[in-house]
Amino acid sequence: MALDLERPPVMEVETGYRSGDAMHPLPGEPRAAYDPVGTGLGRRHRAKVAELAALDPDQARLLGLEHVSERTLERSGGSGSVQAVPGSAADI
């Protein structure tokens, strides 16, 4: 279950879509802050960091997302694997 909760943040940053696939968007996607047509990767990184920082601290800790920084997202980029993002419940 943790992987399902963690994968969407990384995929949304990288592709603009939580599923990672523009051909199969979820309702309301892409969200304005993650639209790959109008935003660069750096802007999407900053948007995700701000979004995660706004989470309730207990919820973020439970999800293992309390220490995700812009650099963490940069390191995970292009890997295709959430496991490349350290600091999550599954050691993303």
Side-chain angles (χ1 to χ4, degrees):
M1 182 166 131
L3 185 61
D4 291 337
L5 293 173
E6 296 156 359
R7 187 169 179 80
V10 174
M11 297 306 297
E12 187 171 32
V13 168
E14 292 298 313
T15 67
Y17 301 87
R18 287 180 287 165
S19 69
D21 185 356
M23 298 301 291
H24 298 96
L26 297 174
E29 287 188 325
R31 297 189 296 160
Y34 302 99
D35 188 342
V37 173
T39 61
L41 188 56
R43 183 173 168 197
R44 293 193 304 270
H45 283 159
R46 289 185 292 280
K48 186 56 68 179
V49 169
E51 188 175 289
L52 294 174
L55 288 174
D56 173 76
D58 291 332
Q59 182 182 17
R61 191 171 19 267
L62 181 65
L63 295 173
L65 299 172
E66 73 270 31
H67 299 296
V68 176
S69 67
E70 189 172 344
R71 180 67 185 125
T72 302
L73 293 172
E74 289 170 2
R75 284 193 313 262
S76 71
S79 69
S81 170
V82 178
Q83 294 178 354
V85 182
S88 74
D91 196 23
I92 310 181

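Note: hydrogens, waters and symmetry copies are ignored here, and every other heavy atom, side chains too, is used. For this chain, numbers begin at 1 and follow the sequence in order.
- Using modelled atom types and a 3.5 Å distance limit, the side chains of E51 and Y34 yield a donor-acceptor pair.
- Put simply, the side chain of M11 does not reach to within 4.5 Å of the side chain of R18, judged on heavy atoms.
- Across every non-hydrogen atom of A33 and T39, the tightest pair is O-CG2, 3.7 Å.
- The two atoms that bring R44 and E14 nearest to each other are NH2-O, 3.5 Å, heavy atoms only.
- Remark: side-chain polar atoms of S19 are paired, donor with acceptor, to backbone N or O of H24 under 3.5 angstrom.
- Using a 4.5 Å heavy-atom cutoff, the side chains of D35 and E29 are not in contact.
- A 4.5 Å side-chain heavy-atom check between V13 and L41 finds at least one atom pair inside the cut-off.
- With rounding to the nearest 0.5 angstrom, the NE2 atom of H45 is 10.0 Å from the OG atom of S69.
- Residues G16 and P30 approach most closely at O-CB, 3.4 Å, considering heavy atoms.
- Applying the side-chain contact (heavy atoms from CB on, under 4.5 Å) test between V68 and each of L63, L55, L52 identifies L52 as the sole match.
- The pair R31-E12 meets the salt-bridge criterion, since a charged nitrogen lies less than 4.0 angstrom from a carboxylate oxygen.
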